[in-house]
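What follows is one structure encoded as structure tokens, with my remarks underneath.
The figures that follow rest on heavy atoms only: side chains count, while hydrogens, waters and symmetry mates do not. Just so you know, residue 1 is the first one in the sequence shown, and it goes up from there.
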Amino acid sequence: MEGDVPAATAACYQPASLPRDACVYNSCYCEENIWKLCEYIKTHDQYPLEECFAVFISNERKMIPIWKQQARLGDGPVVWDYHVILLHVSSGGQNFIYDFDTILPFPCPFDTYVEDAFKSDEDIHPQFRRKFRVIRADSYLKNFASDRSHMKDSSGNWREPPPSYPCIQTGDSKMNLNDFISMDPEVGWGAVYSLSEFVHRFGSLNY
């Protein structure tokens with residue numbers, strides 16, 4: 001049956017990473033977790049780096065609901081200020097999402113992830129609707145930098161323990177995280193999409 005094709009493709013898909021629990025991961029540092037995943041993909045030959053994209057999810061209010069997150073007990077969403085996932089645009093016809101913080105499979109077929117984690121904008125108040133900044137993985141590795149200052153409180157204490165490896169710096173930049181979180185199309189790298197545009201570009205669901 002035609003409807004079985006995506007499931008069959010997913011079953012044959014070879015992940016671009018190690019199992020989730022073997023990857024570099026630090027809670028509340030999603031932007032660095034995905035940067036490290038891009039770095040892993042670059043140094044291994046499972047898939048071309050050109051097939052992979054870092055995806056920043058946020059909006060003007062920095063209030064975005066995402067369902068199926070480990071930080072939430074029950075069926076409701078977590079409302080993040082931003083979140084970062086990896087998109088693999090697979091040559092096999094089914095794209096995949098890598099989200100270290102989801103209870104969904106890792107990786108997860110794109111359409112399944114969108115349906116379960118994002119649901120529909122029709123059921124969400126406009127101020128909570130998500131936007132997506134899609135950045136090529138090679139550009140992300142080349143340009144992203146963070147000094148982790150956003151993870152300190154007004155007294156200089158860590159809100160969450162930082163990763164043990166050094167801060168990510170690129171070129172002369174030590175901190176440009178806000179350029180990636182911004183959903184202003186004139187700022188930063190990559191293209192910015194609404195949910196419906198994101199799904200139309202990379203998936204097969206109709207919103």
Side-chain angles (χ1 to χ4, degrees), residues 15-44 49 52-73 76-88 97-108 113 117 130-184 187-190 192:
S17 73
L18 296 168
R20 184 182 343 216
D21 59 3
C23 292
V24 175
Y25 173 80
N26 291 273
S27 178
C28 297
Y29 291 85
C30 56
E31 65 279 357
E32 295 197 31
N33 297 332
I34 295 301
W35 194 95
K36 284 292 185 180
L37 179 54
C38 291
E39 184 181 54
Y40 176 89
I41 293 169
K42 180 180 180 180
T43 57
H44 293 73
L49 187 63
C52 299
F53 299 81
V55 181
F56 277 72
I57 310 160
S58 191
N59 59 23
E60 288 77 6
R61 292 176 174 265
K62 293 185 171 60
M63 298 173 65
I64 52 144
I66 302 180
W67 281 258
K68 301 295 183 180
Q69 295 284 284
Q70 296 173 9
R72 171 75 184 193
L73 298 175
V78 172
V79 179
W80 297 114
D81 52 350
Y82 69 94
H83 192 46
V84 189
I85 58 178
L86 183 130
L87 166 65
H88 179 207
I97 295 291
Y98 292 73
D99 180 359
F100 286 101
D101 298 293
T102 188
I103 62 173
L104 295 169
F106 180 90
C108 185
Y113 185 92
R130 289 72 40 108
K131 292 186 177 179
F132 302 78
R133 180 180 291 277
V134 180
I135 309 115
R136 283 177 40 163
D138 57 346
S139 178
Y140 191 48
L141 288 173
K142 180 180 178 181
N143 294 297
F144 174 77
S146 174
D147 62 7
R148 301 172 184 158
S149 56
H150 66 297
M151 292 302 294
K152 291 185 177 181
D153 62 23
S154 58
S155 299
N157 299 313
W158 292 107
R159 293 190 175 96
E160 294 290 339
S164 58
Y165 54 82
C167 292
I168 298 169
Q169 300 181 13
T170 48
D172 296 329
S173 181
K174 294 184 178 180
M175 182 62 171
N176 59 17
L177 174 60
N178 286 336
D179 290 346
F180 290 88
I181 297 173
S182 171
M183 293 297 125
D184 181 347
V187 174
W189 295 264
V192 175

Counterpart residues, side chain to side chain contact (heavy atoms under 4.5 Å, CB included), relative to D101 (two or more places apart): Y25, C30, Q69, H83, D99
Rounded distance (nearest 0.5 Å) linking atom CG of L141 with atom CD1 of I135: 11.0 Å
With sequence neighbours excluded, residues passing ring-ring contact (aromatic ring centres under 6.0 Å, His included) with H44: Y40
Qualifying residues under ring-ring contact (aromatic ring centres under 6.0 Å, His included), relative to F53, sequence neighbours excluded: none
Residues in side chain to side chain contact (heavy atoms under 4.5 Å, CB included) contact with R61, at least two apart in sequence or another chain: N59, M63, Q127
Backbone of I34 reached by a side-chain donor or acceptor of Y140 within 3.5 Å: no
Partners passing salt bridge (Lys or Arg N to Asp or Glu O under 4.0 Å) against E39 (at least two apart in sequence or in another chain): K36
Pairing residues for N26 by the side chain to side chain contact (heavy atoms under 4.5 Å, CB included) criterion, not counting sequence neighbours: V24, Y29, N33, P163, Y165
Contacts of type side-chain hydrogen bond (donor to acceptor under 3.5 Å, both in side chains), residue S149, not counting sequence neighbours: D147
F144 side, atom CZ; W35 side, atom CH2 - distance, nearest 0.5 Å: 9.0 Å
Those residues that, when tested against D81, pass salt bridge (Lys or Arg N to Asp or Glu O under 4.0 Å) (two or more places apart): none
Any donor-acceptor pair under 3.5 Å from R133 side chain to D184 backbone: yes
Expected output: side-chain N157 to main-chain D153 donor-acceptor under 3.5 Å: no
NZ-OG distance between K62 and S182, expressed to the nearest 0.5 angstrom: 6.5 Å
Side chain to side chain contact (heavy atoms under 4.5 Å, CB included) partners of P166, counting only residues at least two apart: none
ring-ring contact (aromatic ring centres under 6.0 Å, His included) involving W67 - partner list, sequence neighbours excluded: none
Nearest atoms (heavy-atom pairs only) where W189 meets D179: CZ3-CB, 4.0 Å
Nearest-0.5 Å distance that lies between atom NE2 in H150 and atom SG in C28: 9.0 Å
Test salt bridge (Lys or Arg N to Asp or Glu O under 4.0 Å) applied to K68 - qualifying residues, sequence neighbours left out: none
ring-ring contact (aromatic ring centres under 6.0 Å, His included) partners of F132, counting only residues at least two apart: F118, F198
